[in-house]
Amino acid sequence: MQYLAEGLRLPTNGLDYTILAIYFVVVLGIGFAARASVRTSLDFFLSGRSLPAWVTGLAFVAANLGATEILGMAATGAQYGVAVVHWYWIGAIPAMVFLGLVMMPFYYRSKVRSVPEFLLHRFDKSAHLLSSILFAFSAILIAGVNLYALSIVVEALLGWPKAVAIVVAGLFVLVYITIGGLSSAIYNEVLQFFVILAALIPLTLLGLKRVGGWDGLSDSLTGKHGGDFMTAWGGTGIGDANPLGANWLTIILGLGFVLSFGYWTTNFAEVQRALSAKNLSAAQRTPLIAAFPKIFIVFVVMIPGLVAAVLVPKMGTPGSDLTYNDAIPLLMRELLPNGVLGIAVTGLLAAFMAGMAANVSSFNTVFTTDIWQRYVKKDQSDTYYLRFGRLITALGVLASIGTAFIAASFSNIMTYLQTLFSFFNVPLFVVFIIGMFWKRASMKSGVWGLVAGTTAAMVNYFVIYKQGIIDIPSDQGANFVSAIVGFVAGAVVMVAVTLFTAPKPVAELAGLVYGTESPDADEVPEEGDSAWYRKPALLGWGAVVLAALCYLPYSL
């Protein structure tokens with residue numbers, strides 16, 4: 001395991017610890033308050049499908065504001081430069097809009113409690129069981145990433161060894177999720193969204209001031225890394241060299257389509273927030289509301305990473321004990337006065353707890369409803385499944401503590417996460433997208449598409465890339481290629497299997513394949529649905545246009 005440099009200990013005082021203590025009291029208070037609303041398993045796993053769109057929308061974006069967003073994206077900015085914007089305006093916004101406008105009606109009207117359960121209705125039990133196992137495994141791995149990131153901050157704050165910090169942080173998250181279920185996680189995520197911004201905005205502004213503004217930042221990094229470091233598309237021609245190690249084709253197909261749509265449309269840690277909304281309209285608006293802050297969050301995670309690359313030029317280099325993951329703690333130590341430092345530390349801890357809570361709460365839902373209830377203990381009382389859901393939450397947190405040590409072996413946790421997404425989310429996405437738009441896709445094609453996609457992505461990464469059979473310039477470039485290979489392999493195998501196996505009866509496809517859905521008689525429009533901010537299509541296209549306008553300066 002890699003440890004922070006001795007000198008990275010944050011200069012906190014009593015004021016900082018007071019702010020941190022107040023936050024933890026509030027978080028636990030929300031958990032105990034939410035406990036009163038948890039009476040059934042539906043309350044525990046999906047908040048009784050009763051939450052308004054603005055709550056689920058903020059929770060949707062906050063659930064992603066974990067290690068991926070804070071440490072991971074700042075590390076990516078420090079390592080690869082301005083190309084980090086691709087993960088937002090290409091790798092997030094279009095997929096979030098697609099989820100809201102196209103996929104949420106399928107999820108919500110089918111009354112499924114999880115993403116794998118949708119595959120049960122569209123394909124068969126084998127596809128359902130395999131997807132449930134793959135998702136549960138990946139959720140624990142990703143929760144471990146957030147827990148490891150949390151331990152970095154705790155180590156810098158208190159000087160605790162990472163092993164101790166990982167265990168203590170994991171147990172704290174366990175308490176408030178087990179007590180209040182998904183409602184506790186979601187309402188805490190809304191609070192955490194604002195706390196995170198309160199931490200990142202001062203860090204961004206003070207960082208720019210320290211390096212002479214954007215011009216000073218650009219001049220410093222261009223002189224050290226070359227002009228392509230400060231442009232999004234510079235050097236991305238096929239055959240050209242660039243910091244990211246990927247060309248425009250792998251960026252658009254690997255990140256913009258396969259990884260992006262695979263994550264945002266099938267990752268239950270995100271979709272679960274939308275499924276907890278009170279009706280279909282609110283469920284559709286959830287990812288669209290989240291898309292607007294997502295457009296601008298890139299600036300408060302990318303710029304600190306760039307500033308850290310200027311202030312700590314040896315970060316991430318051979319022989320240095322500082323990794324790219326240390327960019328944010330380094331800036332906090334260098335730039336923030338006491339009081340503001342306490343807010344920043346609180347914001348980071350909030351971010352990592354949000355990310356971990358999102359994955360643990362989705363893990364307990366999938367394991368309980370899709371694995372245990374359907375294949376192990378059928379037809380038990382609702383009280384039994386509620387009790388088991390709390391038990392498996394504890395086991396999931398303990399497993400996350402173990403996987404946190406795996407994340408510790410990567411100098412850039414964003415690279416590790418993208419590797420996981422290419423293995424687990426991409427195969428799930430290809431099965432979804434083909435099953436949703438092709439009626440003929442047979443029942444058995446789903447499970448074989450998952451097997452082929454996962455296997456192909458792993459072979460490309462561990463054999464073709466790691467063994468040097470094909471020269472790919474960087475881990476991130478290899479992840480993009482793995483995603484494309486996994487998608488293509490899954491699609492080809494699904495088509496081939498479909499030609500030799502029986503399709504699902506047409507009568508069973510209503511509402512599961514695009515063009516076959518019928519209006520839901522129970523879906524009553526909300527009063528005031530004529531307002532522009534209640535129209536999913538208008539919100540979605542507004543997000544796309546706004547992202548395009550933001551991206552324009554980087555495309556020139």
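Remember, it's a predicted structure, so these values are computed and weren't measured experimentally. No hydrogens, no waters, no symmetry mates; every other heavy atom, side chains included, goes into these values.
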Q: Please step through side chain to side chain contact (heavy atoms under 4.5 Å, CB included) for the pair Met96 and Phe60, ending with a clear verdict.
A: CA-CA 10 Å; Met96 294 168 75; Phe60 189 96; 3.8 Å; yes

Could you pull out all donor-acceptor pairs under 3.5 Å where a side-chain atom in residues 446-460 meets a protein atom, sequence neighbours excluded?
{"from": "Thr454", "atom 1": "OG1", "to": "Phe423", "atom 2": "O", "distance (Å)": "3.4"}
{"from": "Thr454", "atom 1": "OG1", "to": "Leu450", "atom 2": "O", "distance (Å)": "3.0"}
{"from": "Thr455", "atom 1": "OG1", "to": "Val451", "atom 2": "O", "distance (Å)": "2.7"}
{"from": "Asn460", "atom 1": "ND2", "to": "Ser482", "atom 2": "OG", "distance (Å)": "2.7"}

(Q) List the residues meeting side chain to side chain contact (heavy atoms under 4.5 Å, CB included) with Ala136, not counting sequence neighbours, and say none if there are none. (A) Phe363

**Q.** Partners passing side chain to side chain contact (heavy atoms under 4.5 Å, CB included) against Ala399 (at least two apart in sequence or in another chain)
**A.** Ile140

Q: Search all heavy atoms of Ala491 against all heavy atoms of Val430 and return the closest pair with its distance.
A: N-CG2, 3.7 Å

Q) Would you call Phe437 and Val102 a side-chain contact if the rule is heavy atoms closer than 4.5 Å? A) yes

**Q.** Partners meeting side chain to side chain contact (heavy atoms under 4.5 Å, CB included) with Ile469 (sequence neighbours left out)
**A.** Val463, Ile464, Gln467

Q.
Rounded to the nearest 0.5 Å, what separates atom CG in Leu420 from atom OH in Tyr263?
A. 11.5 Å

(Q) Please check: side-chain N/O of Trp372 versus main-chain N/O of Gly389, any donor-acceptor pairing under 3.5 Å? (A) no

Q: Let me see the working for Leu120 and Arg374 under side chain to side chain contact (heavy atoms under 4.5 Å, CB included), right down to the final yes or no.
A: CA-CA 11 Å; Leu120 174 66; Arg374 189 167 295 276; 3.2 Å; yes

Q) Would a distance-only check, ignoring hydrogens and angles, find a side-chain to backbone donor-acceptor pair under 3.5 Å from Tyr385 to Gln380? A) yes

Q.
Within the 4.5 Å heavy-atom criterion, are Tyr465 and Val481 side-chain neighbours or not?
A. no

Q | Where at least one partner belongs to residues 84-95, residue pairs that pass salt bridge (charged side-chain N to carboxylate O under 4.0 Å, His left out), sequence neighbours excluded | A | none

Q) Taking C-beta and beyond as the side chain, do Leu134 and Leu428 meet within less than 4.5 Å on heavy atoms? A) no

Q: Report the C-alpha distance between Ser281 and Arg285 in whole Å, list the side-chain angles of each, state the deciding distance to 0.1 Å, and finish with yes or no for side chain to side chain donor-acceptor pair (under 3.5 Å).
A: CA-CA 6 Å; Ser281 176; Arg285 282 182 276 130; 3.2 Å; yes

Q | Spacing of CG belonging to Leu255 relative to NE2 belonging to His86, to within rounding of 0.5 Å | A | 8.0 Å

Q.
Would you compute the distance between atom OG of Ser400 and atom CG of Leu395 and round it to the nearest 0.5 angstrom?
A. 10.5 Å

Q) With sequence neighbours left out, which residue pairs that include part of residues 481-499 fulfil the salt bridge (charged side-chain N to carboxylate O under 4.0 Å, His left out) condition? A) none

Q. Any idea which heavy atoms bring Thr403 and Gly144 closest together, and the distance?
A. OG1-CA, 3.3 Å

Q) Step by step, would you call Thr498 with Ser445 a side chain to side chain contact (heavy atoms under 4.5 Å, CB included)? A) CA-CA 6 Å; Thr498 293; Ser445 67; 3.4 Å; yes

Q) Is Met104 close to Thr286 at the side-chain level, that is, under 4.5 Å between some pair of heavy atoms? A) no

Q.
I need the Asn479 CG to Thr419 OG1 distance, nearest 0.5 Å.
A. 3.5 Å

Q. Is any side-chain heavy atom of Ile295 closer than 4.5 Å to a side-chain heavy atom of Tyr88?
A. no

**Q.** Pairs meeting criterion salt bridge (charged side-chain N to carboxylate O under 4.0 Å, His left out) with involvement of residues 496-506, two or more places apart
**A.** Lys504-Glu508

Q. Among all residues two or more places apart in sequence or in another chain, which pass the ring-ring contact (aromatic ring centres under 6.0 Å, His included) test with Phe480?
A. Trp87

Q.
Can a donor-acceptor pair be found, under 3.5 Å and without considering hydrogens, that links the side chain of Gln373 to the backbone of Lys378?
A. no

Q. To the nearest 0.5 Å, how far apart are CZ in Phe135 and CG in Leu130?
A. 14.0 Å

**Q.** By ring-ring contact (aromatic ring centres under 6.0 Å, His included) - contacts of Phe257 (at least two apart)
**A.** Phe261, Phe429, Phe487

Q: Enter the distance from Met494:CE to Ile433:CD1 here, rounded to the nearest 0.5 Å.
A: 10.5 Å

Q.
So which atom in Ser260 and which in Ile90 form the shortest heavy-atom distance, rounded to 0.1 Å?
A. OG-O, 4.0 Å

Q.
For Phe137, give me all partners under side chain to side chain contact (heavy atoms under 4.5 Å, CB included), at least two apart in sequence or on another chain.
A. Leu141, Phe424

Q: Would you please test Leu288 and Leu101 for side chain to side chain contact (heavy atoms under 4.5 Å, CB included) and show each step?
A: CA-CA 9 Å; Leu288 303 178; Leu101 298 184; 4.0 Å; yes

Q. So among Trp264, Phe118, Phe98, which one has a ring pair (Phe, Tyr, Trp, His ring centres under 6.0 Å) with Phe432?
A. Phe118

**Q.** Listed once per pair and sorted, the side chain to side chain donor-acceptor pair (under 3.5 Å) pairs that draw on residues 422-443, sequence neighbours left out
**A.** Ser442-Thr501

Q.
Any non-hydrogen side-chain atom of Ile142 less than 4.5 Å from a side-chain atom of Phe421?
A. yes

(Q) Show every side chain to side chain donor-acceptor pair (under 3.5 Å) that has at least one partner inside residues 125-137, sequence neighbours left out. (A) Asp124-Ser126, His128-Asp370, His128-Tyr375

